[in-house]
Amino acid sequence: MLWPDRKPTLLLSVLCLPALLPGAEDVSSITLENALRKALLNQPVLEIQEELAAQREGILLEESGAFDWFFRGEVRHGFERTPLSATARQRRLQQGGTGVTEVRDFETHWTEYSGFIGSLFRTGVSTDASVSFQREDVRTIDPDPPVNQSVITLGLTIPLLQGLGREATGALERAARLEWEASQQEIVLVASEVTRDTASAYWQALFAARVVALREDARQRARDLLENIEQLVEADERPRSEIGPTRAFVSEQEVELLQARSQEQTARRNFGRSLGLKTDGLTEIPIPVTDFPSPTDLTGELENLSHWLHLAKEQRADLQGSRIQEKSAMALRRGARSDLKTRLDLRLEASYAQVSENSAGGSLLTPFRSRQTGPGAFAILEMDWPFENREARGRLRQSQARYRQSTWRSEDLRREINTSVASLFHTLQSNVHEITQASQTVELYEESLRNELERFQMGMATIFDIVQTQDRLTSAELFFLDRQRDYAENLARLRFAIGDLVEKHGQDLQLDARKLLEGPQSNPSSSPSP
């Protein structure tokens, strides 16, 4: 059903509504739910897609108009003068007898009202009905009374070859309807892409902010170490030669911090663009506050991978749209094949005419009260046979190529879905193990740093041991953050790959942001068979 005056509306899941209430977060910060909502409301790409859908809806309305009932009316009034030859004038003067000295030319006055109503049906059959009222007044030397005539005609045109059946006559309308349905899936696809990309930009901005905080901690540890070394040197407990390397280590941490801050600004600007902020708004980009999702063990889901592959093929909006476009191309191909046939139409007409004479110029409706009637019936065969028919053959070739393209596109997309879903499940499971190992590595290096500091205080470790351990701790913390970000981004990619980010319910789009914070879990008892 068409809904020309309404566009899809994005509705966040009710589970996300608490975060959208006033006062739920500070204006300088933003949760993942609100970021997704803002992006979907502000990104022009979604508006563009909705207008493309409206354009296809207009094409559908245009094609459906071929089957509308229509009325055509006409009113005519005029006269015609036919001059007589000299011989005819002389003959009429002789026929007129004594007293007739002038013969007028033939002068005909007529008035006609006509109406026509008809429609083409999707089966190819067309029907029509017409009625006309005509008054004719011939003015001459010996005129007849004016004649009023009415004619009612009913017609039926039946295609016998070309244009017979719904697949032939309704091909353009059906193809336009399917293209409009495909455009609805494209809206879901674009909304899913915006959600995925915004989530990725959100995690990148959060990662960059966490790296800055980590670099600030590393710089502070280096400064504390330098202060400690300087105090020990002043107390003659450590050689002055250890100050130089420590200061170099502090400078190195300062440089790393500056680079991290620069990268954070870039990540925040990218995040601002993903939110659909204008150029002047990129200086006031809110800070992400939602933490990275906790990793979920996907061992069971890998064993149930066939379920997710089947679900992806059923839910992916781009694959659904591609399948619909296959049907659209098939409808055009069938219509083009019908156009190759010779046009042979059977035309059936039934008419009823009445006539009356009315010298007083009465109503045109007087024939309906006349007994002078004349029914009529006609059967007409009309044939149109183009010898080369290149126009129809060209349309058929185009439609066949379009159909093959759509089928190959769908098949390629199915292969891409199978590959990406399986790959992302394995990647996410690897991320889970990496996060676990990275967390343990950070704890071990924190303990190692404490031990090295104790050994340094006892004179059993050098400054280079401390610097090296601190570097390794910072690297381990960076790796841990990097694995958390990768897991969050891959989770968004996986949700997109299985078509699980945005759902369409009637005329509305619905998003549950929790899916970007939780690993996919299936229920094998209710899983559809692949």
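Numbers here are sequence positions counted from 1. All values below were derived from every heavy atom in this structure, side-chain atoms included, with hydrogens, water molecules and symmetry-related copies excluded.
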K.L.:
Do you see a donor-acceptor pair shorter than 3.5 Å between the side chains of Gln510 and Glu503?
P.N.:
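Per modelled atom types, Gln510 and Glu503 side chains form no pair under 3.5 Å.
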
K.L.:
Rounded to the nearest 0.5 Å, what separates atom CG in Leu311 from atom CG in Leu305?
P.N.:
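One gets 11.5 Å once the value is rounded to the nearest 0.5 Å.
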
K.L.:
Please identify each residue that fulfils side-chain contact (heavy atoms from CB on, under 4.5 Å) with Ser399, with sequence neighbours left out.
P.N.:
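Only Leu332, Arg333, Ala336, Leu396 meet the side-chain contact (heavy atoms from CB on, under 4.5 Å) criterion with Ser399.
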
K.L.:
Thinking salt bridges, do Asp512 and Lys515 make one under a 4.0 Å N-O criterion?
P.N.:
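Judged by the 4.0 Å cut-off on N to carboxylate O distance, Asp512 and Lys515 do not form a salt bridge.
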
K.L.:
Under the salt bridge (Lys or Arg N to Asp or Glu O under 4.0 Å) rule, collect the residues that match up with Glu382, sequence neighbours excluded.
P.N.:
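For Glu382, the residues satisfying salt bridge (Lys or Arg N to Asp or Glu O under 4.0 Å) (neighbours in sequence not counted) are Arg343.
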
K.L.:
Among Arg196, Arg495, Arg514, which one satisfies salt bridge (Lys or Arg N to Asp or Glu O under 4.0 Å) with Asp500?
P.N.:
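With Asp500 as partner, salt bridge (Lys or Arg N to Asp or Glu O under 4.0 Å) holds for just one option, Arg495.
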
K.L.:
Among residues at least two apart in sequence or on other chains, which ones pass side chain to side chain donor-acceptor pair (under 3.5 Å) with Gln398?
P.N.:
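By the side chain to side chain donor-acceptor pair (under 3.5 Å) rule, Gln398 matches no residue at all.
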
K.L.:
Okay, side chain of Glu80, backbone of Thr108: is any donor-acceptor separation there less than 3.5 Å?
P.N.:
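Checked: no pair found.
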
K.L.:
Under 3.5 Å, is there a donor-acceptor pair between the Arg493 and Asn490 side chains?
P.N.:
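Yes, because at least one side-chain N or O of Arg493 sits under 3.5 Å from a partner of the opposite role on Asn490.
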
K.L.:
Hey, is the main chain of Tyr403 close enough, under 3.5 Å, to the side chain of Ser406 for a donor-acceptor pair?
P.N.:
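Here the side-chain-to-backbone pair exists.
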
K.L.:
Name every donor-acceptor pair, under 3.5 Å, that has one atom in a side chain of residues 159-175 and the other anywhere in the protein, sequence neighbours excluded.
P.N.:
unit_1, atom_1, unit_2, atom_2, d
Gln162, NE2, Asp339, O, 3.2
Gln162, NE2, Lys341, O, 2.8
Glu167, OE2, Arg334, NH1, 3.2
Thr169, OG1, Gly124, N, 3.4
Thr169, OG1, Gly163, O, 2.7
Thr169, OG1, Gly165, O, 3.4
Glu173, OE1, Arg122, NE, 2.7
Glu173, OE2, Ser64, OG, 2.9
Glu173, OE2, Arg122, NE, 3.4
Glu173, OE2, Arg122, NH2, 2.8

K.L.:
State plainly whether the residues Asp128 and Arg347 are in salt-bridge range, i.e. N to O under 4.0 Å.
P.N.:
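Salt bridge flag = yes for Arg347 with Asp128.
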
K.L.:
Which residues pass the side-chain contact (heavy atoms from CB on, under 4.5 Å) test with Ile417, sequence neighbours left out?
P.N.:
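side-chain contact (heavy atoms from CB on, under 4.5 Å) check on Ile417 returns Ala312, Arg316, Leu319, Leu413, Val421.
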
K.L.:
Sequence neighbours excluded, which residues qualify as side chain to side chain donor-acceptor pair (under 3.5 Å) partners of Glu411?
P.N.:
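Expected list: Arg414.
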
K.L.:
Can you name the residues that form a side-chain contact (heavy atoms from CB on, under 4.5 Å) with Thr127, not counting sequence neighbours?
P.N.:
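For Thr127 the side-chain contact (heavy atoms from CB on, under 4.5 Å) partners, ignoring immediate neighbours, are Trp69, Phe121, Leu156.
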
K.L.:
What residues form a side chain to side chain donor-acceptor pair (under 3.5 Å) with Ser192, not counting sequence neighbours?
P.N.:
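Here no residue qualifies.
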
K.L.:
Can you list everything that forms a side chain to side chain donor-acceptor pair (under 3.5 Å) with Ser183? Sequence neighbours excluded, please.
P.N.:
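Once residues adjacent in sequence are excluded, Ser183 has no partner under the side chain to side chain donor-acceptor pair (under 3.5 Å) criterion.
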
K.L.:
Tell me every residue that passes ring-ring contact (aromatic ring centres under 6.0 Å, His included) with Phe79, counting only those two or more places apart in sequence or in another chain.
P.N.:
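So Phe79 forms a ring-ring contact (aromatic ring centres under 6.0 Å, His included) with His109.
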
K.L.:
State, without any angle test, whether Arg273 and Asn270 hold a side-chain donor-acceptor pair at a distance under 3.5 Å.
P.N.:
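On atom types as modelled, these side chains qualify, holding a pair under 3.5 Å.
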
K.L.:
Counting only N and O atoms by type, is there a donor-acceptor contact under 3.5 Å from the side chain of Thr290 to the main-chain atoms of Leu32?
P.N.:
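Indeed, once roles are kept as given, a pair shorter than 3.5 Å links the two residues.
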
K.L.:
Are the side chain of Glu112 and the backbone of Arg135 linked by a donor-acceptor contact shorter than 3.5 Å?
P.N.:
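A pair under 3.5 Å: no.
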
K.L.:
Would the distance check show the side chain of Thr407 and the main-chain N or O of Arg404 forming a donor-acceptor pair, the cut-off being under 3.5 Å?
P.N.:
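Checked: pair present.
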
K.L.:
For Phe271, what residues pass the ring-ring contact (aromatic ring centres under 6.0 Å, His included) criterion, not counting sequence neighbours?
P.N.:
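Here the qualifying residues are Tyr202.
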
K.L.:
List in chain and number order the residues that pass side-chain contact (heavy atoms from CB on, under 4.5 Å) with Ala182, two or more places apart in sequence or in another chain; answer none if no residue qualifies.
P.N.:
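Ala182 satisfies side-chain contact (heavy atoms from CB on, under 4.5 Å) with Arg56, Ile324, Gln325 only.
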
K.L.:
Compute whether any side-chain donor of one residue and acceptor of the other, for Thr153 and Ser351, lie under 3.5 angstrom apart.
P.N.:
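Checked: Thr153/Ser351 side chains show no N/O donor-acceptor pair below 3.5 Å.
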
K.L.:
In terms of side-chain heavy atoms, does Trp110 have a donor or acceptor partner in Gln134 at a distance below 3.5 Å?
P.N.:
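Short answer, no.
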
K.L.:
Between Glu314 and Gln320, do the side chains contain an N or O donor and an N or O acceptor separated by less than 3.5 Å?
P.N.:
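No - no donor-acceptor pair under 3.5 Å links their side chains.
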
